[in-house]
Amino acid sequence: QVQLVESGGGLVQAGGSLRLSCAASGRTFSRYTMGWFRQAPGKEREFVAAIFWSGGATLYADSVKGRFTISRDNAKNTVYLQMNSLKPEDTAVYYCAADPAWVGGTTDYDYWGQGTQVTVSS
């Protein structure tokens, strides 16, 4: 069982930056693929970024490529999402997810956090 808790959301102006964190419980965190997803009001949940358990591979949605960076610290059981050059269309609830397999940009993750709100004002 893995429990995930996101933090770091908030209100920021367009062009600004935020760093989201996702703290995971469980001794096997270092072997899990970790992903970030987001869901805006009235829209389906969409993939943002994913990172392989070793950190050796990452995947990004085209909409965030070059602006967002996913990273992880296995010693701290934490995955991060650095978000730069934020746009109003990045406004959403951001969710952290974990899975023992490489599921990449699909929603087939076994474990999900409760989400953290990110609001970007224009």
Worksheet item: Does the side chain to side chain contact (heavy atoms under 4.5 Å, CB included) test come out yes or no for Leu59 and Trp102, once each step is laid out?
Response: CA-CA 11 Å; Leu59 184 66; Trp102 173 251; 4.3 Å; yes
Main chain of [Y], side chain of [X]: is a donor-acceptor contact present, judged purely on distance under 3.5 Å?
X      : Y      : value
Thr33  : Val103 : no
Ser122 : Pro88  : no
Thr116 : Gly9   : yes
Glu6   : Ser21  : no

Does [X] have more than 12 heavy atoms from other residues, nucleotides or ligands lying within 6.0 Å of its [atom1]?
X      : atom1 : result
Glu89  : CD    : yes
Lys43  : NZ    : no
Gln114 : CD    : no

How far apart are the closest heavy atoms of [X] and [Y], and which atoms are they?
X      : Y      : answer
Asn77  : Ser25  : ND2-C, 4.5 Å
Ala92  : Arg38  : CB-CB, 3.8 Å
Ala50  : Gly104 : CB-O, 3.7 Å
Tyr111 : Val2   : CD2-O, 3.4 Å
Gly35  : Tyr109 : N-CE2, 3.8 Å

[atom1]-[atom2] distance between [X] and [Y], expressed to the nearest 0.5 angstrom:
X      : Y      : atom1 : atom2 : answer
Trp36  : Tyr94  : CH2   : OH    : 10.0 Å
Ser121 : Gln13  : OG    : CD    : 5.0 Å
Asp99  : Asp110 : CG    : CG    : 4.0 Å

Check whether any side-chain heavy atom of [X] lies under 4.5 Å from a side-chain heavy atom of [Y], and answer yes or no.
X     : Y     : value
Leu18 : Leu86 : yes
Leu81 : Val79 : no
Trp53 : Arg72 : yes
Asp90 : Met83 : no
Met34 : Cys96 : yes
Asp73 : Phe29 : no
Asn84 : Phe68 : no
Tyr60 : Thr69 : yes

Item to complete: Check whether Phe52 and Leu4 end up in the same hydrophobic cluster, where Ile, Leu, Val, Met, Phe, Trp and Tyr are linked by side-chain heavy atoms less than 4.5 Å apart.
Response: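 No.
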Discussion item. Cation-pi check for Tyr80 against Arg19: NZ or CZ below 6.0 Å from the six-membered ring centre and within 45 degrees of the axis, yes or no?
Written reply: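 Yes, a cation-pi geometry.
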Practice prompt. May I ask you to check if Arg45 and Trp112 form a cation-pi contact, with NZ or CZ under 6.0 angstrom from the six-membered ring centre and within 45° of the axis?
Written response: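 That pair qualifies as a cation-pi contact.
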Worksheet item: Quick check, are the ring centers of Phe37 and Phe47 under 6.0 angstrom apart?
Response: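 Yes, the ring of Phe37 comes within the 6.0 Å limit of the ring of Phe47, centre to centre.
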Discussion item. Run Gln82 and Ser71 through side chain to side chain contact (heavy atoms under 4.5 Å, CB included) and show every step you take.
Written reply: CA-CA 8 Å; Gln82 178 66 44; Ser71 62; over 6 Å; no
Item to complete: List in chain and number order the residues that pass side-chain contact (heavy atoms from CB on, under 4.5 Å) with Thr28, two or more places apart in sequence or in another chain; answer none if no residue qualifies.
Response: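 Only Tyr32 meet the side-chain contact (heavy atoms from CB on, under 4.5 Å) criterion with Thr28.
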Discussion item. If you apply the rule side chain to side chain contact (heavy atoms under 4.5 Å, CB included), what do you find for Val118 with Thr91, and how did you get there?
Written reply: CA-CA 5 Å; Val118 171; Thr91 295; 5.9 Å; no
